[in-house]
Amino acid sequence: MSPMSNHHVLVIANETVEGSALIDAVRFRAHNRDAAVLVVAPALNTRLRHIMSDSDRAYTAAEERLQGCLTRLGTAGIQAGGYVGDADPLRAIEDALRTFPADEIVVGTHPEQRSNWLAHDLVGRARAQFDLPVFHVIVDLEAHREYAAA
């Protein structure tokens, strides 16, 4: 990830980092743009584990998914960096934007019936809060369906 890149793409995704559509969307956005790509994988946890300050499993799972995503992006010819972020995806975006001057945000979610992020209108809230284009990719790993929502 070159700090001197012309274009900066911030990717926020959890389990959906394993989907091909997300990799394709990032590759499309980064292709021929000398783009810097930062992937943030929120460490999602159960409410009970969060209350008990037990976040080790959530962090480890997010880190494993993140490393797999970075490897897949590398295989696709995209040099990217990343880290495990806050469990709240909107806060994870805020945190990333403090140090990464994104030109656009790619959000990967599960389909509506399985997505807490969509139930809490993450995509709409991100579009309202940040003055950046937000591209939404839906990844349904169970049904083997993936597509760009907008």
Side-chain angles (χ1 to χ4, degrees), residues 1 7-31 33 35-51 55-150:
M1 183 171 70
H7 193 76
H8 294 80
V9 179
L10 173 61
V11 179
I12 183 89
N14 185 32
E15 293 167 340
T16 56
V17 297
E18 298 171 5
S20 298
L22 187 69
I23 301 299
D24 291 344
V26 174
R27 184 176 55 224
F28 177 77
R29 289 175 149 53
H31 187 68
R33 290 177 118 166
V37 176
L38 178 68
V39 180
V40 178
L44 303 180
N45 209 355
T46 66
R47 194 174 313 244
L48 179 60
R49 288 193 187 280
H50 178 74
I51 291 169
S55 60
D56 292 344
R57 286 186 213 171
Y59 184 90
T60 300
E63 179 67 30
E64 288 172 5
R65 285 189 295 272
L66 172 65
Q67 291 309 316
C69 179
L70 295 177
T71 298
R72 292 181 71 212
L73 284 169
T75 300
I78 305 300
Q79 186 178 9
Y83 64 88
V84 175
D86 194 277
D88 176 342
L90 203 59
R91 186 168 297 134
I93 293 170
E94 273 179 17
D95 292 346
L97 291 174
R98 286 190 184 101
T99 59
F100 185 77
D103 295 298
E104 63 183 314
I105 301 168
V106 176
V107 177
T109 72
H110 290 295
E112 191 170 351
Q113 65 274 17
R114 289 193 52 231
S115 177
N116 287 330
W117 289 6
L118 291 182
H120 293 100
D121 193 26
L122 171 64
V123 175
R125 291 171 45 219
R127 287 179 175 147
Q129 183 168 339
F130 308 110
D131 190 24
L132 296 168
V134 176
F135 186 77
H136 181 203
V137 178
I138 296 173
V139 178
D140 188 347
L141 296 171
E142 290 178 0
H144 304 289
R145 284 186 350 163
E146 306 176 35
Y147 53 93

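Because the structure is predicted, anything quoted here is derived from the model rather than measured.
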Heavy atoms of Thr109 and His136 approach each other most closely as OG1-NE2, 2.7 Å
Atom pairs and distances, side-chain donor-acceptor, residues 119-126, under 3.5 Å, sequence neighbours left out:
residue : atom : partner : partner atom : Å
His120  : ND1  : Asn116  : O            : 2.8
Asp121  : OD1  : Gly124  : N            : 3.3
Arg125  : NH1  : His120  : O            : 2.9

Enumerate donor-acceptor pairs with a distance under 3.5 Å from any side-chain N or O in residues 82-92 to protein atoms, sequence neighbours excluded.
residue : atom : partner : partner atom : Å
Asp86   : OD1  : Asp88   : N            : 2.8
Asp88   : OD1  : Leu90   : N            : 2.9
Asp88   : OD1  : Arg91   : N            : 3.4

Rounded to the nearest 0.5 angstrom, the CD1-CD1 distance for Ile23 and Ile78 is 9.5 Å
>> I want to check something: taking the side chain as every heavy atom from C-beta on, are Leu132 and Leu97 in contact at a cut-off of under 4.5 Å?
In response: yes
Distance col, row Leu10:CG vs Ile93:CD1, nearest 0.5 angstrom, shows 6.5 Å
Heavy atoms of Val107 and Val134 approach each other most closely as CG2-CG1, 3.8 Å
Would you mind writing out the side-chain donor-acceptor pairs for residues 64-74 within the sub-3.5 Å range, not counting sequence neighbours?
residue : atom : partner : partner atom : Å
Arg65   : NE   : Asn14   : OD1          : 3.2
Arg65   : NH2  : Asn14   : OD1          : 2.6
Gln67   : NE2  : Glu63   : OE2          : 2.7
Thr71   : OG1  : Gln67   : O            : 2.9
Arg72   : NH1  : Glu18   : O            : 2.7
Arg72   : NH2  : Ser20   : OG           : 3.3

Closest heavy-atom pair, His8 versus Pro101, reported as atoms and distance to 0.1 Å, is CB-O, 3.2 Å
Heavy atoms of Ala36 and Phe100 approach each other most closely as O-CZ, 3.5 Å
Closest heavy-atom pair, Val106 versus Arg29, reported as atoms and distance to 0.1 Å, is CG2-CD, 3.6 Å
All heavy atoms of Ala62 vs all of Ala43, minimum pair found to be CB-CA, 3.9 Å
